[in-house]
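Contents: one structure, followed by commentary.
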There are 2 protein chains.
Amino acid sequence: MQVQTLPTPPKFDGSALAVCRGLDRRAAGHVMAISSLRRKAAGETLFSEGDDADCIYEVVSGTLRLYKMLADGRRQMMGFPAAGHLLGLAPAGTHVYTAEALTDVTLCCYPRASFHRLVNDVPGLARRMWAVTSDELRFAQDQLLLLGRKSASEKLASFLLMLADQQDTDHLSLPMTRTDIADYLGLTIETVSRTVTKLKREKLIALPQVNAMDILDRDALEAMAAGESAEHF
Amino acid sequence: MQVQTLPTPPKFDGSALAVCRGLDRRAAGHVMAISSLRRKAAGETLFSEGDDADCIYEVVSGTLRLYKMLADGRRQMMGFPAAGHLLGLAPAGTHVYTAEALTDVTLCCYPRASFHRLVNDVPGLARRMWAVTSDELRFAQDQLLLLGRKSASEKLASFLLMLADQQDTDHLSLPMTRTDIADYLGLTIETVSRTVTKLKREKLIALPQVNAMDILDRDALEAMAAGESAEHF
DNA sequence: CGACCGTTTGAGATCCTTCAATACCAGTGG
DNA sequence: CCACTGGTATTGAAGGATCTCAAACGGTCG
């Protein structure tokens, strides 16, 4: 375990990592043995779409943005993973999206080659990876419904509720820009801005700062996110 | 070369199933032991969103449609799995989409409880499930880009190329209706129809029948699908 | 043939985008 | 202290891609 002597997590307890959840102490130790920590400053690129996937990453602290791009530059955000999320969940191949640091981040890095040896040796690890990947898939499928069939208001409501769930509070901080949000929801920055204003006017949310929002009427937001209305607001 | 002329596989060779790919003969035998075949006629429902996921399914023959719905009935297609595809790729929980038979289908059914015992016992099986789920995830992420950022023409081009890939020919058969296609691409039936007409007019495709299309200019379709144009056609 | 169902085509409406101007905010330097 | 600057967010007006509503078309099947 080469995890000692780090400025921020004063003591880094590897066994608390998400990959290891559900594994016993001994197995978790094996996983930790191949891991190393890595830091990126806000704005830096962790890897790009098409890069050889040499590592599986786990976010330890901070927030990333993941996106894919079309030939002419149109961008689709895939997510904003924060602490506990895993990246590059494929047994092999190349990265299918670009990962950039949204804030300063700390990551735990598992080299793919060693990781695969472990997957064969450590009982329960492959099963764990299946579970984690399956959760990601479920999430992506919810996002398909959002992008394909929800209106701008419904998209934003869904997004804010997702953030609330992730941050475990109704006082949200938004580390990403409006452009990032727009590219996540399949909208333009102006539509996001207008929709935020509308939700604010309707007293469903409040904006203490530009990059912070409070959820005022969770029930209404949830109804909206679920598409419970013929008039899509 | 699909030259055999088999109406349906007269003898069912389980070891050819997708779950088993990469497993040795003995391991594949264990998996086959818990499986059972199941048939559904076109239009029947295999399971519904929210149902308890008691089985993992593999499509043996025919095509399904998978979809999620919003409260007011708006529908988003998740895919049209055909032979070789797996369904219900989560270690536990409930189904997150509805699965209906588009054509008559044969499925191989692995009861979840027994399957999980196997996952712990058969080396390589959990790893295989991870790989399969990870492929699904990758596919879903491509679809996110499509739904969030592509124009109607680009969506249709992408869809046709995906079918060509799946069917391994440029002479496509379309077992699904225009409504199904619309719900897959996040469009309306009328827009799908108009876009098909446009691609036909531009000689990128031909329509020998309503439910069949020929790809005439694959390069142009691929450029279109990749978003290689400022004017989105 | 005629009814039925899915598809195509047309005309008008709408949500979202585009283009453009304005506002806000933090940092910098006069 | 305040003007200036650059970056991001908001607001406005006009346009456009897609949707909605409606009619016509075209195969299939009794």
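Lettering of chains follows the sequences in order, A, B, ..., and the numbering in each one begins at 1.
Closest contact between the side chain of A:T179 and the listed nucleotides C:dC16, D:dA9, C:dT7 involves D:dA9. Nearest to the side chain of A:L187, among C:dC16, D:dT10, D:dC19, sits C:dC16.
Ring centroids of A:F47 and A:Y57 are separated by less than 6.0 Å, placing the two rings close together.
Among residue pairs with one or both ends in residues 157-166 of chain B, those qualifying as side-chain hydrogen bond (donor to acceptor under 3.5 Å, both in side chains) are B:K150-B:S158; sequence neighbours excluded.
A salt bridge links B:R75 with B:D180: the distance from a Lys NZ or Arg NE/NH1/NH2 to an Asp or Glu carboxylate oxygen falls below 4.0 Å. Using a cutoff of 4.0 Å between basic side-chain nitrogens and carboxylate oxygens, A:D104 and A:R39 are not scored as salt-bridged.
For the pair A:T188 and C:dT17, the criterion of a side-chain N or O lying under 4.0 Å from OP1 or OP2 is met. For B:R178, a side-chain nitrogen or oxygen approaches OP1 or OP2 of C:dT8 to under 4.0 Å. Contact annotation: B:S193 side-chain N/O to C:dT7 OP1/OP2 distance is not under 4.0 Å. Between B:T197 and C:dT9 there is a side-chain N or O to OP1 or OP2 distance below 4.0 Å. Note on A:S151: every side-chain N or O is 4.0 Å or more away from OP1 and OP2 of C:dC15.
For A:E190 and C:dC19, a side-chain-to-base donor-acceptor distance below 3.5 Å is present, hydrogens and geometry of angles not being considered. On a pure distance criterion of 3.5 Å, a polar donor-acceptor pair joins the side chain of A:R194 and the base of C:dT18.
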